[in-house]
Every structure is written in structure tokens, then in C-alpha cells.
Amino acid sequence: MLFQVENLTSGYGKIDVVRDLSLHVDDGEHVGLFGPNGHGKTTLLRTISGLIETKAGKVTFQGEDITNLDARKIVARGLIHVPQGNQLFPRMSVQENLTLGAYVARTDKHKSSNFEKVFSLFPRLKERLTQRAQTLSGGERQMLSIGVGLMGMPELLILDEPSVGLAPIIKEELARAIAEIAASGVTMIVVDQDVELLLGICERLYLIEKGTVSLETADVSQVDQAEILEMYFGKVT
Amino acid sequence: MSLEAIVAIIAGGLVSGSLYALMASGLSLVWGTVRMFNFAHGALVMVGAYSAWYMSNRGGLAKALQPLGKSIIESSENSGALGGLLLPLGEWLVSMRGGFGLVLGVPFAILCCGLVGYVMYVLLVKPFVGKPGADLVVIITTIAGASFMQNGVQVIFGPRYKQLDRILTGPPLQVLETAIGLQEVLVIVLTPVALLLLHFFLKHSKLGMAIRAVAQNDDFAHLVGINVGQIYPLTFVVSSILAGLCGVMLGGLFFILPTMGAQELLFAFVVVVFGGLGSLPGTIIGAYVIGFIRESSAYIFSLYWAPVVLFATLILVLIFRPRGLMGGEES
Ligand SMILES: Nc1ncnc2c1ncn2[C@@H]1O[C@H](COP(=O)(O)OP(=O)(O)O)[C@@H](O)[C@H]1O
Ligand SMILES: [Mg+2]
């Protein structure tokens with residue numbers, strides 16, 4: 001098992017947002033998380049990547065305990081978190097953002113080939129290399145955000161709501177790119193409201209409600225998806 | 001206005017602008033990254049000037065080391081092989097009784113200021129980072145730090161004015177029949193070099209880029225693996241070195257005394273707000289604009305009216321551009 005969260009509890013101040021949550025991701029697997037807004041998905045991801053303190057429970061990555069490790073040490077191990085809301089360094093160029101994505105030492109030798117990978121995935125970024133991140137369109141910012149994540153050479157790539165707020169055409173383009181990353185063998189956790197998008201990428205899904213896992217699917221990639229959806233979650237569209 | 005006066009105002013404006021630019025860029029860097037104002041920044045100017053003086057002047061470290069040099073020479077005469085080894089050191093120390101010069105003085109000032117900046121961060125800023133109201137608390141702690149440094153220097157070096165040796169000696173430069181001192185010329189020429197170095201550091205070095213990254217989005221900086229906790233002290237060190245350079249230049253132009261830097265700090269604040277908080281290009285342009293305003297109002301009215309004209313200009317600019325000249329355009 002590549003990644004495991006056991007009985008995790010975390011939150012803000014005295015308020016627990018994530019409660020006793022457990023999930024796991026196998027090597028090469030793509031796992032989707034979805035659920036209503038404000039139920040702790042982002043908080044879970046921020047706890048995993050070391051931005052928020054773990055109050056109880058354990059996070060294991062590549063067989064080692066990474067609970068409450070500094071964020072930069074977690075990144076250095078290849079657990080890369082692309083945060084919600086296409087966060088970037090707004091007044092830096094596309095190129096500078098991507099360069100900073102390769103900040104950790106283990107990526108040093110592969111920088112130029114990683115640039116090529118990102119450009120072949122998102123050709124628009126190559127056209128806008130010198131443009132400031134804040135002047136990009138929403139879709140382009142999301143692409144750049146994922147591109148920055150890829151520059152860090154993820155062993156586990158975590159995407160928080162990559163499709164939120166995007167026009168349908170851009171969303172499709174992005175979904176294709178994410179599927180391509182998945183197909184290239186990168187292990188992933190994807191959080192999104194759009195279950196259909198998740199079904200196109202993931203083998204397993206977790207439904208997160210009130211800060212914990214309320215449903216977990218078996219492998220959904222081999223069976224009829226509509227049926228699966230109804231079986232687990234009632235009528236979803 | 002005569003041509004002579006115009007040249008004098010331009011030269012004076014360039015000198016003042018240079019000093020403000022060095023000082024305000026550090027202030028702006030710290031604000032942009034740590035989101036705090038460092039009120040001990042003026043004291044760092046003073047530390048830079050004193051440490052350069054201490055290393056370079058014959059009244060400083062060289063004088064203090066004379067007895068040591070002499071006793072090494074004496075004792076080496078009646079103590080075998082080891083004494084023979086130490087003898088050149090003793091002779092060298094005695095031969096340096098005229099001071100170690102600015103060649104050692106300037107690097108020493110940079111070292112001291114970097115060190116003081118780091119210690120200042122650890123003692124006065126770090127304990128409050130991330131706590132509510134930290135920006136206000138740090139105003140108080142850094143004012144206290146400044147006062148401590150000023151009094152400390154007064155105790156160590158005494159209240160008598162000091163002055164740095166001139167790097168260039170010779171007759172002043174004649175520009176359109178106006179004399180401009182060589183020291184002034186040096187300040188005008190070297191400041192852009194220092195600012196260019198700063199630019200390259202921030203734009204092209206890994207650590208410099210990390211400083212800008214933290215300034216723009218510290219959350220995301222964590223997620224690309226930047227050691228954000230290390231960037232804050234680094235920013236203080238860089239900013240303190242800039243203040244130290246300003247001190248060395250001031251010390252070559254005017255007298256060195258424990259309270260120096262205080263007035264410059266006031267002007268540097270004006271520059272930072274005028275140029276747009278956190279914007280380095282805005283700060284540098286602002287510094288030269290303020291320099292020119294100061295020199296021309298000093299010429300037209302009098303030196304005492306210069307601050308009045310300055311603040312009036314600042315208020316006017318803020319009415320029309322509340323975020324300063326280049327606010328929101330941070331580097
Ligand atoms: N910085 C914060 N401080 C306090 N509460 C927060 C903060 N961020 C999120 N929350 C609260 O935590 C809960 C979960 O939010 P979040 O993890 O963003 O949910 P999701 O990603 O599932 O939409 C919400 O009730 C939200 O209001
Ligand atoms: Mg969220």
C-alpha cells in the first residue's frame with residue numbers, strides 16, 4: 001500500500017472538521033473523493049500535506065509515518081498537493097511558477113524533461129511562458145497549477161477540485177489531461193464535485209460527509225458506471 | 001533657476017535617492033514577505049556605518065590590536081619555533097596601525113549587519129510570527145531593539161562623531177561648472193549596482209525566488225517545498241545588508257553618530273508607501289522621486305521645509321492612488 005490515512009482527526013482551533021477518517025490508496029491507483037461542500041475534503045488534504053496539524057490518527061506514505069511532518073519534507077518525498085482554487089504565485093510568469101514547482105532537490109536532474117512533459121500535456125502553457133500567472137484565464141491557471149505539481153515529480157498527486165468553476169469545454173480538456181496523467185502511471189487522489197469526471201479517471205471512490213468517509217465503492221472501472229452510481233449513491237446527475 | 005542649481009539639484013537628488021532606495025528596498029522586502037514593518041531598520045544603517053568605521057579606521061580595531069601585536073613580537077623573541085611562526089602575525093598587526101581600510105571595512109559591515117539582522121529576527125520578530133496582532137507587537141519590539149542598539153553603540157564607541165575615510169581622494173568632478181564630490185559620485189554609481197545585484201538575486205537565484213514566492217503566496221510556497229520558516233530570517237538578513245550598505249555610504253558623506261539613520265528611516269517609510277507597499281520597482285522609482293523632491297524643495301524653500309513638501313506630496317499621491325505609485329504590482 002502506497003498511502004494510508006488511519007482514524008485522522010483535524011480542524012481549526014478547537015473545532016474538529018475531519019473526524020476519525022480512514023482511507024487508503026494502492027500503488028498506481030486513482031482514487032476519487034467527493035461529497036457536499038464544506039464537509040472537510042480540503043481540510044483533509046491540507047492535513048495530509050502538513051499545512052494543518054493532525055490532532056489524532058496517522059498518515060503513512062511509502063511505508064513511513066509522515067504524520068505532522070513539515071510540509072516541505074512531505075513534498076520532498078513526492079507527495080504533491082495541488083490546492084483548491086488554482087493557487088499560484090500570481091505575479092510570477094508561467095515559467096517561474098513551473099520552476100518553483102521543481103524546488104525540491106530530487107527533481108533537479110529531471111527539470112528539462114519535466115518541463116517538456118508539462119508542455120506536451122498543456123501546450124497552452126508553452127505559448128504563455130512569459131505571461132504572469134494572474135493574467136491567465138481560469139482554465140489556464142488550473143493547468144498551470146497542475147503543471148507546477150507535476151514539476152515536483154509526484155509519487156502521489158493530490159488534486160483538489162480541479163474542475164470547479166470551469167466552462168464545459170475547458171473542463172473536458174482538463175479532464176483529458178488528468179486522465180492522461182493517470183494513464184502515465186501517476187498514483188492520484190482527486191477531489192471533485194463532478195462524479196462523472198471522477199469516474200472517467202478513478203478506480204475507486206469515497207464519499208466524504210461530515211468530515212468522515214460515509215461510503216466507499218469497490219472497483220468502478222470495470223462495470224457499468226451508471227449502475228454503480230445508482231447502487232451506491234442513489235440517482236446522481 | 002540657474003543651470004548650476006539644476007545640476008546641483010540633480011546630483012543631490014541622485015545621492016538622496018540612492019540612499020533612500022537602498023534603505024527602502026529592504027523595508028519593502030520585509031514588508032512584502034513577512035508583512036511586518038521593521039522599525040530598527042534605521043539602527044541597522046547606524047550599525048553598518050559603525051562597523052565599517054571600526055574595521056577601517058585607525059582608531060578602531062587596529063588600535064585595539066596594537067598591544068596584542070607588540071606582545072606577540074616581544075614574546076616571539078624568546079620562545080623558539082612557535083614564536084617564529086607567530087612573528088609575522090605580530091608584525092602585520094603592528095603594520096596595520098593605520099586601520100584595515102574599507103576593503104575589509106565594507107565586507108565587515110555587511111557581515112555585521114547580516115548577523116545583527118538575523119539576531120534581531122530571532123529575538124524580536126520570530127516569537128510573534130503567526131500570532132494575532134503580531135505586526136503591532138513587532139513595531140514595539142523593533143523600536144525597543146533600535147533604542148537598545150543606539151545606546152549600546154553610544155556606550156561602546158562614545159558620543160563623539162566619527163567619519164569614514166574617503167575611498168576616492170581628489171578634486172571634485174566638474175559637471176557643467178558645478179562641483180560634485182567624488183564620494184557623492186561613488187554613491188550615485190554604486191547604488192544602482194547594488195540594486196541590480198538585488199534584482200538578480202531575487203529574480204534568478206533559488207533563494208531569491210523563494211523569497212518572492214513566500215511574499216506572493218506563502219501557502220503555496222509550503223506546497224512546493226519551500227522552507228518558509230527559513231525565508232523570513234533570510235529576508236531580514238538581506239534587508240539588513242541593504243541598510244548596512246546605506247550606512248557605509250552615509251558614513252562616507254556625513255558624520256557617524258548613534259542616532260544616525262533615524263531621519264532616513266522616516267524618509268524610507270515615505271518612499272515605501274509612496275512607491276506602493278511591497279513593490280520593489282515602485283520603491284526604487286519612489287526613492288529617486290522623493291530624493292529629487294527633497295533636494296529641489298530644500299533649494300527653493302529651505303532644508304527645514306523639505307519634509308513638509310514631502311508629506312504634502314505623499315498625501316496628494318495617496319488621494320489619487322491610494323495604493324501608492326505601483327501598489328498591487330508587487331515584485
Ligand atoms: N481557515 C479556516 N478556519 C476555520 N474554519 C475553516 C477554515 N477553512 C475551512 N473551514 C471550515 O471547515 C469546514 C470544512 O471546509 P473544507 O475542508 O473546505 O470543506 P470542503 O473542501 O469539503 O468543501 C467548513 O465548515 C469550513 O467553514
Ligand atoms: Mg474544498
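Every chain is numbered from 1 and lettered A, B, ... according to where its sequence line falls, protein lines coming before strand lines.
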State whether the number of non-hydrogen atoms from other residues, nucleotides or ligands found under 6.0 Å of [X] atom [atom1] is greater than 12.
X       : atom1 : value
F200(B) : CZ    : no
Y118(B) : OH    : no
K206(B) : NZ    : yes
K55(A)  : NZ    : yes
F292(B) : CZ    : yes

Query raised in the report: By a 4.5 Å heavy-atom criterion (distance strictly below it), what part of L100(A) contacts chain B: side chain, backbone, both, or neither?
Result: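 The answer is both parts of L100(A).
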Query - Heavy-atom contact with chain B under 4.5 Å, split by part of L88(A) - result: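 L88(A) touches chain B through backbone and side-chain heavy atoms alike.
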[X] and [Y]: which non-hydrogen atoms are nearest, and at how many Å?
X       : Y       : value
V75(A)  : L223(B) : CG2-O, 3.4 Å
V224(B) : G101(A) : CG1-CA, 4.1 Å
K203(B) : E96(A)  : CE-OE2, 3.7 Å

Query raised in the report: F89(A) versus R212(B): any side-chain heavy-atom pair under 4.5 Å?
Result: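 No, their side chains stay 4.5 Å or more apart.
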Query raised in the report: Can you find a pair of side-chain heavy atoms, one from R46(A) and one from D219(B), that are under 4.5 Å apart?
Result: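 Side chain of R46(A) against side chain of D219(B), heavy atoms only: contact under 4.5 Å found.
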Requested in this report: Tell me, with the steps shown, if R72(A) and I226(B) meet side-chain contact (heavy atoms from CB on, under 4.5 Å).
Outcome: CA-CA 6 Å; R72(A) 68 190 164 90; I226(B) 294 170; over 6 Å; no
Requested in this report: In sequence, state the C-alpha distance, the side-chain angles, and the governing distance for F220(B) and V148(A), and then conclude on side-chain contact (heavy atoms from CB on, under 4.5 Å).
Outcome: CA-CA 10 Å; F220(B) 197 45; V148(A) 170; 3.7 Å; yes
Report task. Working to the nearest 0.5 Å, report the span between OG1 of T99(A) and NE2 of H204(B). Result ->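 T99(A) OG1 to H204(B) NE2: 11.0 Å, rounded to 0.5 Å.
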Requested in this report: Please lay out, stage by stage, how H222(B) and D70(A) fare under the test side-chain contact (heavy atoms from CB on, under 4.5 Å).
Outcome: CA-CA 9 Å; H222(B) 275 114; D70(A) 285 346; over 6 Å; no
Query - Pairs of heavy atoms under 4.5 Å with chain A: top-ranked of A210(B), G229(B), G225(B), A221(B) - result: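 The option with the most such pairs is G225(B).
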